[in-house]
Each structure stands twice: as structure tokens, then as C-alpha cells.
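Note sheet for the following structure.
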Amino acid sequence: MRIRGRVVLATALALSTVGTTGVALAVDRDAGPATGSSGGAWSTGAAPAAEDVRAAAGAGTGGRVAAPAAPRPAPVVTRPATQVAQAAPASVSYLSDRYRVAPGEAARRLALQELSAPLADTLAARFPGSYAGMWLDQAGGGVLTIAATDPAPVTEAVAGLPDARHVTVVPVRHSRRDLDAAAARLAGTLGVTAGRDVLVDERANEVLVLTGDAVPADDARLAGTLGAAGVPVRARARLDDSAIPKACDPRYCAKAPMRGGIRLDVPRDDGTVGGCTTGFNVRAKSGQYYVLTAGHCVVGGRHQRVDDTWHQFLGPKVPVGLESTNPVLAENAFPNDYAVLPYAKGATTRWAYPRRTVGNAPSLVNYWCVADNPACASKGSRDVPITGVTPYGAVQAGWVVCATGSAYTPKAGEQYVDSGAGAGYLPGTRCGEVIGKASGGIDVRVCARPGDSGGPLFTESDGRALGILNNGDPGEGPCTNPDEKNTYAPVSVILDRVNGRTGLGFQIATQGPLLTPPVGSSNR
């Protein structure tokens with residue numbers, strides 16, 4: 001029988017002349033030292049100050065009546081590092097190969113990554129005037145770095161975390177709240193969107209204005225606007241000059257249910273065939289299922305007609321989805337580069353779970369092994385169930401992520417449309433690292449080729465959807481550049497955008513697709 005322990009740390013914060021309250025961080029775990037290998041539950045919330053506790057104790061004997069204690073917040077369960085590692089072998093392999101660390105150390109880093117997103121939400125709520133962001137420093141030893149304008153109380157609050165010795169707090173000048181407010185003001189002045197065209201760089205502790213589309217690089221308003229922001233602001237081009245779109249033709253075999261990573265072929269207006277990769281299953285509040293991919297697959301100069309999409313266009317030519325025009329469900333303006341495709345007539349039956357399916361019918365991403373993904377040798381190809389979406393704001397530099405694509409250049413005699421991937425590139429799943437969000441998307445160190453566009457970016461250990469591929473460094477053929485950068489449009493940003501325009505209540509599906517189309521629905 002194991003004894004459960006509980007560590008509680010309260011940091012008093014002065015609020016007014018009435019008294020003080022505290023910020024409590026609680027960790028439930030097996031008794032013993034706090035390390036990255038032990039799981040448990042932690043939570044933060046308002047805790048009564050010592051004066052209030054003493055007052056409550058004396059209330060029955062003439063003491064003043066204390067306010068009722070704040071309710072205990074719901075704990076967030078943290079999994080042991082070994083359990084996280086078992087669910088993410090490719091992520092372990094990436095860290096081991098890239099940073100020359102043992103599998104156990106890689107597992108520790110992944111467990112800390114899993115904890116970081118809920119921790120960021122908590123710290124932002126508890127220390128709104130001080131918290132300024134966080135990121136994982138993989139090159140610096142797998143340390144979770146937290147930025148704060150007043151490091152002392154934040155340092156004290158996180159001291160009881162599992163793996164606390166790999167958590168550090170660094171001083172910065174501006175809180176995330178102040179940076180967000182400055183970004184909103186700048187966006188309003190420039191007439192653009194905060195979070196898309198004007199965003200916060202947490203590691204640099206500054207605001208970025210992205211130029212090249214909504215904000216021209218030579219915009220006369222920039223100099224005066226940046227200088228009056230009150231916080232450090234930097235203008236930079238959204239995309240590098242060398243960045244190329246990944247829109248071309250993917251390749252996979254047809255197999256229900258529909259999942260992320262499946263090849264789509266798209267006939268163009270000029271008679272050629274282009275294509276992309278499916279990202280995630282999407283479900284509207286009506287119950288109808290759709291397929292999410294990149295918008296530039298169906299919106300652009302060679303896509304003036306209403307596009308339809310196929311799997312293996314040169315044979316067996318299986319219909320998949322079509323471009324929606326009523327309502328319009330596609331845009332080609334990064335990071336709003338999306339196409340939400342309703343199924344073509346009769347295609348749902350081909351791609352959905354069979355009607356007899358009962359019980360577990362998870363929405364999936366196809367994890368397809370390739371030779372340059374070393375973890376595949378031990379676990380092999382498989383499906384990863386999608387459990388939900390990680391908001392764009394919660395994604396942190398240093399996270400280990402995985403991406404699936406279906407780009408392919410056929411060998412002589414093969415009946416496949418050439419995606420332009422280059423001879424020797426293998427379609428499948430690769431894992432790498434988030435290196436930033438300075439593009440307004442999710443910049444990653446993961447190899448990709450034309451034809452992988454729209455393909456899913458996700459966290460392997462917990463099946464959270466992050467983004468779909470949009471653009472990146474040029475390259476063809478085998479993956480030989482370990483520092484290749486590619487950029488993914490954030491799924492949470494896309495959902496907010498399309499739901500704001502249509503009111504259809506789209507969500508990333510965690511079940512299905514199932515054969516339950518709504519009555520009277522229209523694809524066009």
C-alpha cells in the first residue's frame with residue numbers, strides 16, 4: 001500500500017487594505033522527492049491567508065467571522081514520465097537523437113511538456129500582472145523557462161511542481177497582459193487582427209507586426225505606430241523569401257475511417273492535377289462531418305471553379321470531398337489557410353466507420369512509419385486517436401511534435417500523380433521541435449515536401465491537434481537538413497475564424513466520422 005502525499009505552497013499577495021489572499025499550488029503524488037518521473041495531480045487557486053485562517057478558528061469564541069474559504073480548484077492530473085514515453089516513442093527518439101540524451105531523460109522532458117500548457121493557463125490567471133510566458137529550452141537541458149516581471153512569487157509558486165528542479169523563472173520587463181494589450185492597440189491602429197497580424201513573441205518579450213500581406217512592409221504608419229506602443233515592437237516579414245507552398249499531390253491507400261494524413265488529389269482548371277493531405281476530421285454542431293485541409297489546395301489562381309477532391313486520382317479514383325460554396329468554407333490567407341470539405345455525394349459511406357460500429361470509434365491521425373523516423377522500428381505504423389485541440393496561445397517553443405504528410409514522386413512506371421516531393425522522399429510521419437511562432441503560425445523543425453500541405457501537426461503522447469501544414473523551407477528528395485523549418489496554420493485559429501464567419505459550430509472531431517449526416521444538409 002502506497003501513502004499519498006500532498007505538498008501545498010501558498011504565496012501571499014497584497015490586494016488591498018482589507019487584507020491578503022494567497023496563491024496556492026498543490027501537488028498530489030506518491031510520497032517522495034518531486035521528479036519528472038512521478039505523476040500526480042496539481043492545482044492552483046485562491047487560498048485563505050493566515051490571518052483569515054486564525055479568524056475562522058476563533059469565530060466560535062468571539063473572534064471575527066471569516067469569509068468562507070475559496071473552493072478547492074479541480075486538479076490537473078499529471079502522468080508519470082514512463083507512461084508519457086510509452087505513448088510517444090518517436091518523440092523520445094527525436095529528443096535522444098537531436099540532443100544526445102538517454103530515453104529516460106527524453107521521457108522526463110515530454111512529461112514536463114505535458115504539464116506546461118495547463119501550468120501556463122494557471123500562472124496567467126494567478127499572476128496577471130507579472131506572468132509573461134514560457135517555453136521549453138531543449139538545448140539548455142530540457143528546462144521549462146517561465147518569464148515574469150516579478151520572479152520571486154512565481155518562483156515560490158512553482159517550487160512544489162513535479163520536476164521543479166528543471167523549472168526556472170527569468171526576469172523580463174513586460175507582462176504577457178501588457179504585451180497582449182499593446183498588440184491589440186497596434187492591431188486596431190493598423191486595422192488588422194491581433195494574434196494573426198500582430199502577435200506576442202514571449203521569448204523576446206516583445207510584440208511582432210507581421211508584414212507582407214495585411215500590413216505592407218512600406219506602410220507609412222509603421223514607424224510612428226511602433227514607436228508609440230509603450231513596449232518593444234519589431235516589424236518582420238511574415239514569410240521568408242525562400243518559403244514555398246507545400247500544395248501538391250499526396251499518396252495513401254484508401255481505408256475507412258477517414259483520418260489525418262490521407263492523400264487528396266485535386267484537378268485544376270488547366271487540366272493538371274494538384275493535391276494536399278487531409279489534416280483532421282471536423283464535425284459541425286449539426287452532426288455533419290467534414291475533412292480539414294489547407295485552403296490553398298482549392299483557392300488560388302488555378303482553382304477558379306468549384307473543386308472536388310479524390311483519393312488516388314489515377315486509380316482507383318475514390319471521391320472524397322468538395323469545395324463548399326454555400327456557405328464558403330475555404331480561405332487562402334495564412335494563417336487562415338483552410339478548406340473545410342464536405343464529403344462528396346456517397347463518399348461518407350466509403351470513409352465513415354461502418355454502421356455496425358458501436359463503442360469506441362475515435363477520430364484518427366494515420367501514423368505511417370518512414371525510414372528516417374527511428375521509432376518506427378520498435379512500434380511500427382499505427383493510428384493516433386485525436387483527443388482535442390491545443391489552443392495556439394498554449395503552444396510553446398521547445399515542444400516536441402509530430403507531423404504526417406503524403407507527398408510523393410512516383411518511380412518509373414508507377415501510376416501516381418507526382419507531387420513534386422522529389423525522388424527519394426518517403427511519405428509518412430516525422431517528429432521534431434517547435435522553434436517559435438514568429439510567423440503567426442507554428443514554426444517547427446520537421447521535414448516536409450510539396451504534397452504534405454494540409455497535413456496534421458499533433459502531439460504524439462496525448463493526441464492533441466495543433467495545426468495543418470502551410471509553407472516552409474525549399475527542398476526536395478530525402479530529408480537531409482536537420483534544421484529545416486516548416487510552418488503550420490494553427491487549428492484553433494482556423495476554427496475561430498470559420499465559426500465566426502458561419503456560426504456552424506465546427507470542432508475537431510474526437511469521434512468518427514460516423515454515418516449520421518443531418519437531415520436536409522447541403523454541401524454547396
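From a predicted model like this one, the values you see are computed outputs, not experimental measurements. Reckoned from all heavy atoms, side chains included, excluding hydrogens, waters and symmetry mates.
For A509, the side-chain contact (heavy atoms from CB on, under 4.5 Å) partners two or more places apart in sequence, or in a different chain, are N281, R283, Y289, S363. For D121, the side-chain contact (heavy atoms from CB on, under 4.5 Å) criterion is met by no residue, not counting sequence neighbours. The salt bridge (Lys or Arg N to Asp or Glu O under 4.0 Å) check on R430 picks up D372, with sequence neighbours excluded. Under the side-chain contact (heavy atoms from CB on, under 4.5 Å) criterion, P482 pairs with R98, sequence neighbours left out. Contacts of D270 classified as salt bridge (Lys or Arg N to Asp or Glu O under 4.0 Å), with partners at least two apart in sequence or in another chain: R302. Checked against salt bridge (Lys or Arg N to Asp or Glu O under 4.0 Å), R497 has the following partners two or more places apart in sequence or in another chain: E331. Residues passing the side-chain contact (heavy atoms from CB on, under 4.5 Å) test with A371, sequence neighbours excluded: L426. Remark: D383 pairs with R259 by the salt bridge (Lys or Arg N to Asp or Glu O under 4.0 Å) rule, at least two apart or across chains. Applying the ring-ring contact (aromatic ring centres under 6.0 Å, His included) rule to F506 yields the partners Y290; only residues at least two apart in sequence or on another chain are considered.
Identified under the disulfide bond (SG atoms under 2.5 Å apart) test for residues 407-442, with sequence neighbours left out: C402-C431. Pairs engaging residues 225-237 under the side chain to side chain donor-acceptor pair (under 3.5 Å) rule: E206-R234 [sequence neighbours left out]. The disulfide bond (SG atoms under 2.5 Å apart) pairs that include a residue from residues 471-503 are C447-C479, where partners are two or more places apart or lie in different chains.
A heavy-atom distance below 4.5 Å is found between the side chains of L515 and T348.
Relative to the six-membered ring of Y99, R109 meets both conditions, a distance below 6.0 Å and an angle of at most 45° to the axis.
At a cut-off of 3.5 Å, with distance as the only test, a side-chain donor of D418 or T409 sits close to an acceptor on the other residue.
In this structure, K485 does not pair ionically with D473, as no charged nitrogen and carboxylate oxygen lie closer than 4.0 Å.
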